[in-house]
Amino acid sequence: MGTLRLVALVSGSGRNLQSIIDAIDRGELEAEIAGVISSRRQAYAVERAKNHGLPVEVVHRKGYASDGEFLAALDEAINRFAPDLIVLCGFLSFLSEATVARYRHRIMNIHPSLLPAFGGKNYYGANVHEKVLEYGAKVTGCTVMFVDEGEDTGPIILQSAVPVLEDDTVESLQDRVLQEEYKLYPEAIRLFAAGRLRVEGRRVRLLPQEVPE
């Protein structure tokens, strides 16, 4: 595989998109972002992409009469960019079963908890950290996974733990978890690009790095 072609799907601020852009710019990640697809016209992630000269396509959910029409348009947009890997960066819509099947183990997402804890329906963004604090958990973190047909149920690639401090607020906890996300997501993509991820059932095995002869 040459330079890894990424397509990023966004709906919001695009902070994880920015972390991937920055890792590429620093030479830490041998990849190119072939396109950015947003489900919202006003998402700040669109501005981030444009600021870096990245191709952007908006597939606005409210512009379609049904979920089926929206998903079909989203599928077409993804396929036009011909990605090696799809990365979800705060994308708040589902993908079609056809897309998940076509790009099996080539779609990644990041979630702000240590899955399977605090994942699934309605667990996204600040909601996750609020629930972590309400539950009294002592440790949280973030998880990069391959996407499957469920909600936050795909095979786990990497996880990073973050302690919950006694005086944490939703905002302070979110900020510390985000700092780990910014490191973890580019690392997972780098491992994929290097061919070092092998999915065996629910397990993702990290293969040793090949040593040049």
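In what follows, every heavy atom counts, from backbone to side chain, and hydrogens, waters and symmetry copies are set aside. What you are looking at is a predicted structure, and each value in this text was computed from that prediction instead of being measured.
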Counting only heavy atoms not in Phe94, do more than 12 sit closer than 6.0 Å to its CZ atom? no
Heavy-atom closest pair, residues Ala188 and Ile157: CB-CG2, 4.2 Å
Linked, directly or transitively: Leu115 and Leu173 (ILVMFWY side chains, under 4.5 Å): no
Between Gln18 and His52, does any side-chain donor sit less than 3.5 Å from a side-chain acceptor? yes
For the residue pair Val7 and Pro83, what are the closest heavy atoms and their distance? CG2-CB, 3.5 Å
Partner of Phe91 under side chain to side chain contact (heavy atoms under 4.5 Å, CB included), chosen from Ile86, Leu74, Val10: Leu74
Val147 versus Leu88, closest heavy-atom pair with distance: CG2-CD1, 3.9 Å
Test side chain to side chain contact (heavy atoms under 4.5 Å, CB included) applied to Ser172 and Thr169, step by step: CA-CA 5 Å; Ser172 66; Thr169 62; 3.3 Å; yes
Treat each ILVMFWY residue as a node, draw an edge where side-chain heavy atoms are under 4.5 Å apart, and state whether Ile110 and Val132 are in one component. no
Using modelled atom types and a 3.5 Å cut-off, is there a donor and acceptor pairing between side-chain atoms of Ser38 and backbone atoms of Arg41? no
May I ask you to decide if Gly120's main-chain N or O and Asp152's side chain share a donor-acceptor pair within less than 3.5 Å? yes
Between the CZ atom in Arg102 and the CD atom in Glu97, the distance rounded to the nearest 0.5 Å is 12.5 Å
To the closest 0.5 Å, what do you measure between OH (Tyr182) and SG (Cys142)? 11.0 Å
Take Val199 and Arg205 through the test side chain to side chain contact (heavy atoms under 4.5 Å, CB included) and record every step on the way to the result. CA-CA 6 Å; Val199 183; Arg205 293 196 179 276; over 6 Å; no
From CE (Met108) to CD1 (Ile189), nearest 0.5 Å: 6.5 Å
Within this structure, what is the NZ-CG distance for the pair Lys138 and Leu165, rounded to the nearest 0.5 Å? 10.5 Å
Do Val128 and His111 have side-chain heavy atoms sitting under 4.5 Å apart? yes
Are Val87 and Val46 connected in the hydrophobic side-chain network, where two residues link if heavy atoms are under 4.5 Å apart? yes
Under 3.5 Å side-chain donor-acceptor pair for Tyr185 and Asn109: no
Within 6.0 Å of CD in Glu30, more than 12 heavy atoms from elsewhere: no
Would you indicate whether the side-chain heavy atoms of Val164 and Val139 approach each other to under 4.5 Å? no
Nearest heavy-atom contact between Pro186 and Ala23 is CB-CB, 3.8 Å
Do Pro155 and Arg203 have side chains that approach each other closer than 4.5 Å (heavy atoms only, starting at C-beta)? no
Is there a side-chain contact between Arg40 and Lys62, using heavy atoms and a 4.5 Å cut-off? no
Check whether any side-chain heavy atom of Ile20 lies under 4.5 Å from a side-chain heavy atom of Ile33, and answer yes or no. yes
Heavy-atom distance under 4.5 Å between the side chains of Thr143 and Leu184, does that happen here? no
Check Asp67 with Arg61, please: is the shortest side-chain N to carboxylate O separation under 4.0 Å? yes
Between atom CD1 of Ile78 and atom OG1 of Thr99, what is the distance when rounded to the nearest 0.5 Å? 4.5 Å
Got Arg106 and Phe146 here, is their nearest side-chain heavy-atom distance under 4.5 Å? no
Is the closest side-chain heavy-atom distance between Lys183 and Glu28 below 4.5 Å? no
Are any of the side-chain nitrogens in Arg198 or Glu200 under 4.0 Å away from the carboxylate oxygens of its partner? yes
Could you tell me whether Phe81 atom CZ has more than 12 heavy atoms of other residues or ligands within 6.0 Å of it? yes
Do Leu95 and Tyr64 sit in one hydrophobic cluster, given that two such residues count as connected whenever their side-chain heavy atoms are within less than 4.5 Å of each other, even indirectly? yes
Is Leu9 reachable from Met145 through a run of hydrophobic residues whose side-chain heavy atoms are each under 4.5 Å from the next? no
Flag for Ser13-Arg15: side-chain donor and acceptor within less than 3.5 Å: yes
Classify the side-chain pair Ser11/Ser39 by whether it contains a donor and acceptor separated by less than 3.5 Å. yes
Report the residues that fulfil salt bridge (Lys or Arg N to Asp or Glu O under 4.0 Å) with Asp168, sequence neighbours left out, ordered by chain and then residue number. Arg176
Can you tell whether the side chains of Arg5 and Glu32 come within less than 4.0 Å, N to carboxylate O? yes
Verify the neighbour count for atom CD of Gln42: are there more than 12 heavy atoms of other residues, nucleotides or ligands below 6.0 Å? no
Polar side-chain atom of Arg202 near backbone of Thr153 as donor-acceptor pair, under 3.5 Å: yes
Closest non-hydrogen contact found for Asp84 with Leu4 is CB-CD1, 3.5 Å
What's the shortest heavy-atom distance between His129 and Gly125, and which atoms? CD2-O, 3.6 Å
Can you tell me how the ring of Phe118 sits relative to the ring of Tyr123, calling it parallel under 30°, perpendicular over 60° and tilted otherwise? tilted
To the closest 0.5 Å, what do you measure between CZ (Arg80) and CD1 (Ile37)? 8.0 Å
